[in-house]
Structure formats: structure tokens, C-alpha cells
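Because only heavy atoms are used, hydrogens play no part in the values below, and waters and symmetry mates are left out as well, while side chains stay in. Chain letters run A, B, ... following the sequence lines, proteins first and then strands; every chain starts at 1.
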Amino acid sequence: MPELISGGITLMVMGMSTVFLFLALLVVMTRLLSWLLSKLPEAKAAADNSQNSASSEQQNMLEVAVVAAAVTKAHGR
Amino acid sequence: MPELISGGITLMVMGMSTVFLFLALLVVMTRLLSWLLSKLPEAKAAADNSQNSASSEQQNMLEVAVVAAAVTKAHGR
Amino acid sequence: MPELISGGITLMVMGMSTVFLFLALLVVMTRLLSWLLSKLPEAKAAADNSQNSASSEQQNMLEVAVVAAAVTKAHGR
Amino acid sequence: MLENFANLFSSSGLATIESGQLLMMLVGLTLIYLAIARKFEPLLLLPIGFGTLLINIPGAGMGGADGLLHYISVVGIKSGVFPLFIFMGVGAMTDFGPLLANPKTLLLGAAAQFGIFGTVIGAVGMSSLGWVDFSLKDAAAIGIIGGADGPTSIFIASQLSPSLLGPITVAAYSYMALVPLIQPPIMKALTTKAEREIKMEQLRTVSKREKIIFPIVVLFLVAMFLPSAAPLLGMFCFGNLMKESGVVNRLSDTAQNGLMNIITIMLGLGVGSQMSAEAFLKVETLGILALGLVAFCVGTGAGVLMAKLMNLFVKIPINPLIGSAGVSAVPMAARVSNKVGLEANHQNYLLMHAMGPNVAGVIGSAVAAGVMLSFFS
Amino acid sequence: MLENFANLFSSSGLATIESGQLLMMLVGLTLIYLAIARKFEPLLLLPIGFGTLLINIPGAGMGGADGLLHYISVVGIKSGVFPLFIFMGVGAMTDFGPLLANPKTLLLGAAAQFGIFGTVIGAVGMSSLGWVDFSLKDAAAIGIIGGADGPTSIFIASQLSPSLLGPITVAAYSYMALVPLIQPPIMKALTTKAEREIKMEQLRTVSKREKIIFPIVVLFLVAMFLPSAAPLLGMFCFGNLMKESGVVNRLSDTAQNGLMNIITIMLGLGVGSQMSAEAFLKVETLGILALGLVAFCVGTGAGVLMAKLMNLFVKIPINPLIGSAGVSAVPMAARVSNKVGLEANHQNYLLMHAMGPNVAGVIGSAVAAGVMLSFFS
Amino acid sequence: MLENFANLFSSSGLATIESGQLLMMLVGLTLIYLAIARKFEPLLLLPIGFGTLLINIPGAGMGGADGLLHYISVVGIKSGVFPLFIFMGVGAMTDFGPLLANPKTLLLGAAAQFGIFGTVIGAVGMSSLGWVDFSLKDAAAIGIIGGADGPTSIFIASQLSPSLLGPITVAAYSYMALVPLIQPPIMKALTTKAEREIKMEQLRTVSKREKIIFPIVVLFLVAMFLPSAAPLLGMFCFGNLMKESGVVNRLSDTAQNGLMNIITIMLGLGVGSQMSAEAFLKVETLGILALGLVAFCVGTGAGVLMAKLMNLFVKIPINPLIGSAGVSAVPMAARVSNKVGLEANHQNYLLMHAMGPNVAGVIGSAVAAGVMLSFFS
Ligand code: NA
Ligand code: NA
Ligand code: NA
């Protein structure tokens with residue numbers, strides 16, 4: 001068998017086995033991850049938190065604006 | 001006549017004649033293009049097609065969303 | 001006193017005095033700037049102008065569009 | 001002065017163009033036509049087609065030492081930088097939710113990579129028969145076409161077989177656009193109507209936290225087991241983490257839009273600049289086009305058959321039509337699964353189920369790419 | 001420690017500034033003033049003006065071997081990369097509809113390029129008289145000011161006469177901003193009231209397909225007859241094709257906005273970095289400013305006269321006021337045509353008619369640029 | 001073939017990872033956790049944390065001669081280019097209105113820089129005691145953490161002490177995120193309740209013209225007295241002028257958004273690439289973290305005390321709580337002033353008043369940075 005073909009076969013065997021092993025391992029890890037997270041109680045709160053976080057910067061800016069407006073009004077102009 | 005000036009004149013003659021020839025040729029080609037396209041029957045349809053195409057990617061995404069929503073509803077959550 | 005520490009002290013003295021001098025100078029210049037500008041009569045107009053300027057490019061484009069529409073209408077298509 | 005005119009003319013295209021360049025311009029025009037009139041992956045094929053036109057203008061020197069296309073090519077293609085940033089953007093656009101809800105579909109994404117390695121065998125076979133002259137590196141780069149993932153193909157070709165970058169990229173994107181034509185016959189041939197009618201139960205909701213941690217888990221496995229895949233999967237996971245974390249939305253948005261668009265323009269022109277007559281007009285290109293088609297067919301079939309194999313072992317059966325989505329070609333292949341499923345049973349929405357193997361296919365071909373890089377390093 | 005203070009002071013601006021740098025800062029401030037208070041092409045003149053300030057700060061080293069402005073200048077100006085991407089963006093913003101509806105207006109865009117080559121003669125004349133010291137390359141780069149097209153000027157100056165890049169660019173953008181003042185007197189002097197009152201019939205509708213194919217036709221002619229214009233016109237046509245094809249809107253949008261803005265900032269700073277005292281404060285700069293003005297005047301006049309000449313041959317007369325728009329300066333020159341036309345007859349809207357020669361002028365000066373590059377290569 | 005597998009495994013992470021790399025991955029994960037779960041400056045700490053993961057994957061070579069992180073680092077970090085563009089964007093987001101309305105608050109921004117130079121003394125002291133090994137340059141770069149300004153820290157560290165860039169940047173951003181915890185106790189300890197209750201009168205309206213001319217005044221002073229600060233303050237003023245001029249809104253918008261986001265992604269990855277085990281896992285890092293905390297505390301205290309000192313001389317007293325905002329950390333520190341002020345008197349809105357010293361602190365630390373660059377040049 002020419003070297004080129006044997007090289008190709010080696011590459012195929014290595015490649016497919018690595019791909020399957022890697023993704024199978026990822027299946028296991030993913031299941032483990034989901035299971036672990038389902039055990040943790042604060043899951044809900046944390047999720048909520050991180051959903052809000054996106055707008056926290058905007059809120060900060062909003063806060064600045066609101067205060068500025070309040071100050072301006074308080075001084076009657 | 002100094003070399004510099006003769007160079008400038010050469011450049012001018014070459015330049016203006018190339019510009020005119022090129023744009024005149026472009027006039028001819030443009031006319032030809034318009035005439036050829038006016039002969040082709042499917043012009044209208046093709047034009048319509050390409051106007052729609054812009055939103056085809058969005059439509060695809062929309063389709064995904066619609067199906068996802070349908071599935072979700074069907075399963076009652 | 002080791003060289004390293006004396007170097008640090010030199011850097012601190014130079015640094016803090018430069019920072020103070022620079023910002024004090026900036027206080028003076030800023031006051032001067034405000035005072036000078038308050039003396040200039042056309043302040044108001046200029047400010048207005050520059051506020052409008054942002055939209056001047058858009059206005060230009062708008063002008064193009066309006067004229068185009070007018071032409072199209074005038075020719076009844 | 002006449003002499004000057006003569007010089008101008010003698011440097012013009014009419015006087016110096018070679019038939020090869022003319023042919024390549026036709027290739028460029030074809031790509032542009034396919035992009036515009038047929039909407040074949042226009043985001044890439046339009047810039048590639050136009051780059052092909054530009055690089056084949058005789059005397060323009062746009063690919064020469066101080067030409068624009070040369071700069072683009074050196075900065076972003078040869079360095080591998082552009083595909084990595086595209087991968088970051090793709091990561092920021094990917095939703096791993098369906099995959100997390102049904103992790104075993106990862107195996108479908110693994111099986112479909114058989115398209116890659118089967119094609120490698122095909123390529124070395126062709127070469128052994130003397131039809132073409134592919135080295136093992138060339139064969140590997142050609143195989144990656146079967147990954148149905150543009151940036152991965154470009155990255156691997158730029159690292160392993162730069163001289164074939166043009167035809168490999170064109171083949172990869174063309175066949176990705178052709179997925180709706182290529183896949184259905186194979187899917188139908190390998191399944192019974194009963195199998196195609198299998199209804200899949202709805203996917204569970206996946207929590208935000210799972211989605212945030214998943215890209216880190218992927219990166220961890222890469223770090224432990226396949227570091228050669230780290231550039232590709234690292235940038236992919238980075239983009240995905242930016243998206244799912246929800247705390248850097250302005251960065252994630254730029255990765256998906258502004259930066260992605262800039263790099264796509266450059267990438268297209270850069271790939272186009274590899275489409276010179278010498279590089280494209282040879283029998284090897286025909287071989288690549290043929291092998292690329294085989295790669296897609298084999299990958300599709302392997303995915304479907306893997307699903308059937310899995311059904312022998314699992315309690316709740318999976319519809320084998322979602323196996324074909326394992327080739328990647330996101331989201332086109334998943335839509336094909338959905339469409340063929342609806343033909344069999346018009347209540348059978350497979351789209352979300354097919355998204356799992358679909359994104360698994362992206363990971364799978366990046367892993368395959370990593371194996372290749374490691375093999376040749 | 002006192003020594004350290006002495007060093008700090010001795011390196012400060014007060015101690016080391018030269019009168020030339022001070023003068024250049026005034027030049028920079030003037031450009032900023034014109035940009036802000038007079039709205040003279042602010043997108044370019046503000047960054048150029050600020051770059052001028054930065055490069056003339058003694059001891060800051062921003063133009064030195066590891067200074068920011070030096071990097072920008074090497075990466076984008078000397079390589080010619082930035083103007084080419086600007087041209088792509090301009091292409092993506094250009095509508096060839098009016099030109100396609102009335103192709104003969106291309107000839108007006110050709111005539112106006114006489115401003116370019118007339119100025120070349122003026123520059124070599126000045127040099128022959130010993131007033132200034134311009135080489136033929138310098139003269140060509142100066143002439144391009146008459147093209148009234150910023151990126152073309154920057155590109156040609158960077159290739160043919162890098163030492164004059166600063167003053168040439170400043171002159172080009174300044175006169176483009178002054179078009180509403182420069183052109184009307186010339187237009188009125190060369191036309192009768194009857195001519196200015198000529199009403200033009202409405203333009204036909206141009207199909208999408210014509211617009212899509214046109215940039216490819218232009219590129220084809222460039223490839224066949226003037227490959228040296230391929231970088232400029234190639235990128236221009238690429239931008240236009242992205243826009244008109246309608247299939248890559250996200251790329252076209254980025255080319256017009258995000259990418260265009262980034263490159264404009266860099267380009268302005270990079271041009272500003274060429275405005276050192278040695279490069280700007282010399283009698284040649286006065287010559288360039290004078291010749292630039294001449295260039296605009298000659299181009300304007302040539303366009304108007306060409307229109308009058310064409311009227312001797314065509315059945316339906318054209319209003320000679322649209323000839324002046326052939327100098328480019330898009331869309332300012334077309335608006336000037338419209339305004340002067342309205343003064344003569346307040347029903348006479350010439351804007352759309354003037355857009356034809358206006359964009360023709362862009363092609364025309366890119367062709368002229370190509371001739372120059374070919375002449376000196 | 002077994003041999004090939006053995007090679008693959010022997011190059012994998014499991015076989016080659018060192019404890020240092022594993023520890024650094026934990027550091028990277030910690031940064032990512034702080035960014036996502038605690039929202040500690042996520043725009044920087046998320047990319048830095050991910051970059052830390054990537055650079056510590058054994059065998060991935062992303063920091064090697066042709067690795068992506070290496071390219072980013074060379075192009076943007078070592079050259080100092082990225083922080084300068086960030087500074088331009090920050091300038092385009094800064095409103096100098098409150099500062100212009102009450103210029104004497106500039107002195108608060110000056111006083112807070114004592115945090116920088118006090119830390120320098122601390123660093124050389126530590127080094128003299130033999131605890132760590134910092135050169136004077138290292139000490140200066142560490143001191144800049146007290147400037148509470150990310151890009152300034154990165155710029156100075158890249159110029160004076162590249163090997164400490166990683167820990168310095170991480171310390172700077174971490175403590176900026178911790179400002180709401182660090183500052184209030186110090187502020188309360190140094191003020192009486194009566195002082196905290198001081199109400200400040202409303203700021204006058206600042207005209208557009210003042211805002212336009214101010215950045216030019218700043219640049220003028222820099223040019224005359226401290227050219228070594230020109231790169232930082234020059235780009236900052238350029239960004240601010242683009243914003244305030246109102247004539248280049250599309251450029252200003254890109255500087256604040258598109259370009260800023262692109263550079264932030266790159267900058268974060270680039271800084272992360274400096275976080276190798278050798279560079280981070282040493283006792284010096286602990287020293288830097290300790291000194292950084294000291295720097296913030298000293299700066300906060302100095303600002304408050306300066307305000308109290310000024311109150312001995314001015315007619316209308318200022319609330320010393322705004323002094324702490326002089327450390328920069330825009331706009332967090334100003335919000336802290338506002339919050340502590342409201343605790344003392346719930347009618348006492350200090351936010352706008354604190355914005356003056358807050359932006360003054362940015363100028364102040366850029367000036368301090370300039371002194372350092374000049375000192376070592
Ligand atoms: Na794949
Ligand atoms: Na022109
Ligand atoms: Na500061």
C-alpha cells in the first residue's frame with residue numbers, strides 16, 4: 001500500500017476516533033453540567049441577575065440623567 | 001522647449017485623449033447595455049427578485065422563529 | 001538613602017508639582033476662556049449655528065430628495 | 001509622444017491578457033452571478049468573485065508586492081487571522097440551547113465528520129491513481145470542505161495547503177449553498193417513511209447558566225485533549241461567551257455585525273486574490289470540486305445512518321432526518337431537515353431538534369481540523 | 001532633583017518650539033476653524049487639522065519611529081490602502097441611475113478633467129520660470145486637485161509625490177468646500193440667460209439590472225484599456241456592486257458607515273501627520289494653492305463649454321449649467337448647478353440631471369489618475 | 001499508527017500542562033466570574049480573562065510567533081496603539097460641562113494623583129526592603145494604577161514595564177470596579193457630618209463654544225509644557241473635539257461605538273495574552289495588588305483632604321465628598337460621591353458637581369503619565 005494512502009487511512013482513523021471521543025466526552029460533561037446546575041439552589045436568581053445586567057450600564061446612565069434633571073428642576077430653571 | 005514642459009504637454013495630450021476615449025467608449029457600452037437589457041424579457045422578474053433578496057436572510061431567521069413559536073405553542077408551554 | 005528611593009522621591013516631587021502646576025494653569029486658562037467668550041457678542045448665534053450644523057449634511061441630502069420628488073411630480077409620474 | 005501612447009497601449013489589457021486570465025474572469029463573473037441571481041452565499045461569493053476579477057486584470061498589479069489584495073492576503077489570510085475573527089462572530093451568533101437540551105445529538109455532529117475523512121481517502125486515492133497531484137496535506141485541506149464550514153476551511157487551507165486555498169474555499173461555499181439540493185435525495189434514500197415521520201418531543205428549557213458555562217466546558221476539553229483546536233474553538237467559545245454572558249452586549253454586537261462585516265469584505269477579497277489563473281486552472285481544481293461534492297454526500301449519509309444506529313440503543317427514538325444537519329452549514333442544513341420532515345408529516349417540526357446536531361457539526365469539524373493541524377505539526 | 005526639573009523644562013514646548021511649528025499650529029487651527037465654523041468638509045478637515053496640531057508639538061514624537069501618527073501613515077497612507085477603502089465606500093454610496101438614464105453626460109465628466117491636465121501645464125510652467133521646484137511627477141499630483149475628488153488626490157499624491165501629500169490634500173478638500181463660491185461666476189460668465197433657462201426633460205427610470213451590470217462594464221473597460229486605474233475604479237465598482245446587488249446589504253452598509261468612518265478618522269490623522277513645518281512652509285505650497293484654484297476654475301469652464309459644444313450636435317439641448325458638475329465634488333457641484341439653474345428659471349430643477357456628469361467626473365478623474373500612474377511606471 | 005496516537009496524546013494538555021498554567025486558568029476563570037456574576041468592569045475583564053485561558057493552554061501556541069494573540073499584542077499593545085484609540089473614544093464620550101462650570105475642581109483632580117506618586121514610593125520601599133524586585137520604571141508603572149484609568153495604565157505599562165502589563169491592568173480594572181466598596185469608608189473617616197451635608201449651588205450653563213475650545217486649550221498647554229503627555233491627551237482632546245464640534249457626528253459616533261468596541265475586544269485579548277504563568281505567578285503580583293489598593297485609598301483621601309483645604313480659602317464652600325471623585329474611575333467615583341452625599345442629606349445631589357473632579361482626574365493622571373514618560377526618556 002503506497003505511503004500516501006496509508007497516511008490517509010491513519011489520518012482517518014485518528015481523526016474519526018478523536019472526533020467521536022471528544023464529542024462523546026462533551027456529551028458526558030454537558031450532562032454533568034446540567035445535573036450539577038440543577039442541584040444548585042440559587043440558579044434562578046443568578047439567571048435573573050445576569051439577564052438584568054445587560055441594562056445595568058444603561059441604568060447607570062439613566063440614573064445620572066434623572067439626578068441631573070432633578071437638580072435642574074430643584075433650582076427652578 | 002524645456003523637457004519638463006514637453007513632458008507636461010505629452011501628459012496632457014495622452015491624458016485628455018485617454019479620458020475622452022474611455023468615457024466615450026463607456027457611453028457606447030452603456031447604451032449597448034441598456035438596449036440589450038431592454039430586449040431581454042425576464043428583466044422585470046429578475047429585478048423584483050433581487051429587490052426581495054435583501055430580506056431573504058431575515059425571512060429565513062423569521063421562519064426559524066415562527067416554527068420555534070409554533071412548536072412551543074403546540075406543546076402548551 | 002538608596003538610589004531607588006531617592007529616585008522615587010524625585011519622581012513624586014516632580015510629578016505632583018507638575019500635575020498641580022499644569023492643572024492650576026488650566027484653571028486660569030479655563031476662567032480666561034469663559035471670560036473672553038462671555039465678552040464676544042456673537043456667542044449666541046455661533047452656538048446655535050454649530051448646534052444646527054450636525055444636521056446640515058442630512059439637510060443637504062433632504063434637499064436632494066425634496067427636489068427629486070418635486071421633479072418627479074412635476075412630470076407626472 | 002507616439003512612443004508614450006504605444007507604451008500605454010502595450011501595457012493595456014487588450015494587448016497583454018492571457019487566455020487564462022480571461023477564463024478566470026469568467027469564473028469570477030460566474031461567482032458574482034451565482035451570488036446575485038441565485039443568492040449562493042452572497043456574503044462571501046460576491047467579494048470572492050470580485051477579487052477574482054481584480055487579481056486577473058493584467059498589469060493592474062493588485063496582487064503584487066505593494067498591491068491592496070496582497071496586503072489583505074498577508075495580513076489576514078496567510079496569518080489565519082480573518083477566519084479566527086469570523087469564528088468569534090459565528091460563536092456570538094450561535095445558540096447552544098437545543099444542543100444543551102439534547103446533548104446526545106452531539107454524536108450526530110461527530111458522525112457527519114466522516115465526510116471529511118472519507119474525502120481525505122478519496123483525495124489520496126485520486127493522487128495514487130495519478131489523476132492529480134495532491135500531497136497528504138492537500139488531501140487533508142480538501143477533506144475539510146466536508147466540514148461545511150467556511151472559516152474552518154479557509155483556516156485549514158491557509159495553514160496546510162495555501163496554494164489550494166482559492167478552489168477549496170469556492171467549493172466549500174458553493175456546496176454549502178447547494179445543501180438544499182444535495183441533501184434531500186440522500187436523506188430520503190437512507191430512511192423509511194416511518195422513520196421520517198418520527199415525532200420528537202419538545203426540548204426542555206435550558207437555563208442561562210448552562211449556556212454561560214458550556215463554552216467554558218468546551219474550551220476546557222480542548223485545552224486538555226486537543227490544544228491544536230484551541231485557536232478555532234477558543235475564538236468560537238469566546239464569541240459565544242460574550243453573547244451568553246449578557247454583560248458585554250456592545251462587544252457581542254460588534255463581533256456579530258460591524259467587525260464581522262469588515263472582516264467578511266476583506267476575507268472575500270483576500271480569498272479572491274488567491275484565484276489566479278495558475279492557481280485555479282488546473283486539473284486539481286476539478287478534483288477538488290468532485291471531492292467536495294462527495295464530502296457533502298458522505299457527511300450527510302453518515303449523519304443519517306448514525307441517527308439510525310443510535311435508535312437501536314435509546315428509548316425515545318430520534319428522527320434520523322436530523323442526522324444530516326450534523327454536517328454544519330448552519331442554519332441551512334437544519335432547515336433542510338425540517339423541510340424533509342414536514343414533507344413526511346406536516347405536523348412534524350424538526351427545526352429546533354436539528355439545530356443541536358447542526359451546531360455540533362461546527363464543533364466536530366473544528367475538532368477534525370485540530371487533529372489535522374496536530375498531525376502535520 | 002533640580003537637574004531633573006531643568007531636563008523636564010528643556011524638553012518642553014516653550015523651550016524648544018520653533019517658529020515653523022508655531023505657524024503650522026496656526027494652520028492646523030485654521031483648518032479646524034474652517035471645519036467647525038464654516039463647515040468646510042469637516043469630516044476630513046477636522047481630523048487633518050488636529051493631526052497638524054499633533055505632528056507639530058515639539059518633543060511629542062507622534063510622527064517618530066514609534067509614534068501613533070507614524071504607524072497610521074505607514075499602514076494606510078504610504079501603502080495607498082486608506083484611499084482605496086474610502087473609494088469602495090464612496091462607490092457604495094453612489095447612484096449611477098441618472099448617468100445610466102443619460103449616458104452622454106459622461107462626456108461632460110470627461111471635459112472637466114481638462115482642469116487636471118491644464119494645471120499640470122501650469123505647474124511645469126511655474127517650475128520652468130524658476131518660481132518653484134516641481135518635478136513632472138509633482139506637477140501630475142498637483143493637477144489631480146482639479147479632479148475635485150479627495151481620495152483620488154490622496155492616492156495619487158501618495159504614489160507620485162509623497163512629500164507634497166499634505167498641501168495637495170488640504171488644497172483639494174478646501175476648494176471642494178469652496179465650490180459654491182468658485183463655480184457660479186464662471187458658469188454665468190460662460191452662458192447666456194437663454195442657455196441657463198433650458199429645461200431638461202425628465203430622466204427615464206433605470207432598471208435594477210442595468211445598475212447591477214454597469215459597475216462590471218466599467219471594470220471590464222478598465223481591465224481592457226487602462227489597468228493602472230484598476231485599484232481606484234476596481235474598489236469603486238466593488239462598492240457600487242455591493243450596494244446595487246441588494247444581496248449583501250450588511251456589507252454595503254458597513255462599507256458606507258462603520259468602515260468608512262474608521263478609515264476617515266485614520267486618513268485625516270494620517271494626512272495631518274504629513275503637515276510638518278518642513279513639508280508645508282515653503283513657496284511650493286503657495287504654488288499648489290494657486291494652481292489648485294486654477295484647476296477648479298478651468299475644470300468648471302471646460303465642463304460648461306463642452307455642454308455648449310455638445311448642443312451643436314444633439315437634438316434635445318442640454319442645459320450647459322450641468323457641465324460644471326463634471327468636476328466631481330459630489331454632490332456639491334450638482335447642487336450648485338441646480339441653484340444657478342433655479343436663479344435663471346425658478347421651475348428649472350437640474351439636480352438629477354447634474355448628478356450624471358457629477359458621478360461621471362469621479363470616473364473621469366480616476367481614469368486621469370490611471371493615465372498618470374501608467375505614464376510614470 | 002499507534003505512534004501517531006501517542007504523539008497526539010503526548011502533545012495534549014493532560015500530558016503537558018504545568019501547575020502554573022493550571023493556576024493561571026483559575027485566575028482567568030476568576031476574572032470571567034467577576035465580570036459576569038459581579039459585573040466587575042466586564043467590558044475589559046471578560047476578554048482579559050478569556051485571553052488568560054487561551055494563552056495558558058499548553059501546546060496551543062496562540063501566543064507563539066504566528067499565534068493570533070501574539071499578533072494582537074504586537075500590533076496594538078506593544079505599540080501603544082490600542083490604549084490611544086480607547087482614549088480617543090473616551091474623549092468622545094466625555095462632557096467637560098461640569099468642569100467648565102466650576103474650574104477650580106480641577107485642583108481636586110490634581111490632588112487625587114497623590115495616589116499615583118505615593119504608590120511609587122511604596123513600590124520602591126517594598127523593593128528596598130527586598131520583598132520584591134521592582135525597578136524605578138516598574139514602580140512608576142505600578143503607581144499609575146492609582147490613576148484609576150484603564151487605558152492610561154495599559155499605555156504606561158506597555159512603555160515602561162511591559163513584563164508587568166498583565167497584573168497592572170488586572171489590578172487597575174479590578175479596583176476601579178471596587179470603587180463603591182473602597183471609597184466610602186475613607187470618605188466618611190475624613191469628613192464630619194456637617195461637611196458631608198454641605199449643599200452646592202447649581203452649576204451655570206456652559207456654552208457650546210466653551211466646550212469646543214476647551215480641548216484645544218488643553219492641547220495647547222500640553223504642547224507648551226508637557227509634550228510627553230501629547231499622545232494620551234492629544235487623542236483624548238481629539239475625541240472630545242469631534243464630539244463637541246457637532247460637525248462630524250458620524251465620526252464621533254464610530255469613535256464611541258464601533259471602533260471602541262473592536263479595540264476593546266482586541267485590547268482585552270491582548271492584555272490577557274500577557275498573563276502567562278511566568279509573568280503573573282510571582283510575589284511581585286501580590287505586591288502590585290497590595291500597592292494598587294493603597295493607591296486607590298491614598299488618592300481618595302488626598303482628594304477629600306484637598307477639598308477641605310480649599311474650603312479654607314474659598315467663599316462658597318465645596319462639599320469634600322466630591323474630592324474623592326478626583327481619582328477618575330469615571331463615572332463610578334462620581335456616583336459614589338453622590339451616594340455618600342445622599343446618605344448625609346437626602347436632598348443633596350452631588351453627582352453633577354462630582355463630574356468635574358472626575359474628568360479632571362483623567363487629565364491629571366494623563367499629566368502624571370506624561371511626567372513619567374519624560375522622566376525616563
Ligand atoms: Na461541520
Ligand atoms: Na473628478
Ligand atoms: Na485619574
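Remark: the backbone N or O of D:G370 is not paired with any side-chain donor or acceptor of D:S374 at under 3.5 angstrom.
Heavy atoms closer than 4.5 Å to chain A are found in both the backbone and the side chain of D:A368. For A:L33, the part lying near chain D is the side chain, with the backbone staying farther off; criterion is any non-hydrogen pair under 4.5 Å. Only the backbone of D:A360 comes within contact range of chain A, with heavy atoms under 4.5 Å apart. Contact annotation for D:T105: neither backbone nor side-chain heavy atoms come within less than 4.5 Å of a heavy atom of chain A. Both the backbone and the side chain of D:L106 come within contact range of chain A, judged by heavy atoms closer than 4.5 Å. Heavy-atom distances place no part of D:V248 under 4.5 Å from chain A, backbone and side chain included.
Your options are D:V367, D:L136, D:V120, D:L221, and the one with the most heavy-atom pairs under 4.5 Å with chain A is D:L221.
Shown here are the side-chain contact (heavy atoms from CB on, under 4.5 Å) partners of D:V298, two or more places apart in sequence or in another chain: D:F114, D:V294. A search for side chain to side chain donor-acceptor pair (under 3.5 Å) contacts involving D:S161 returns D:D138, not counting sequence neighbours.
A distance of 7.5 Å separates CD of D:E284 from CG of D:L164, quoted to the nearest 0.5 Å. Expressed to the nearest 0.5 Å, how far CG of D:N311 lies from CE of D:M306 amounts to 10.5 Å.
Salt bridge status for D:R204 with D:E210: present, with a side-chain N to carboxylate O gap under 4.0 Å.
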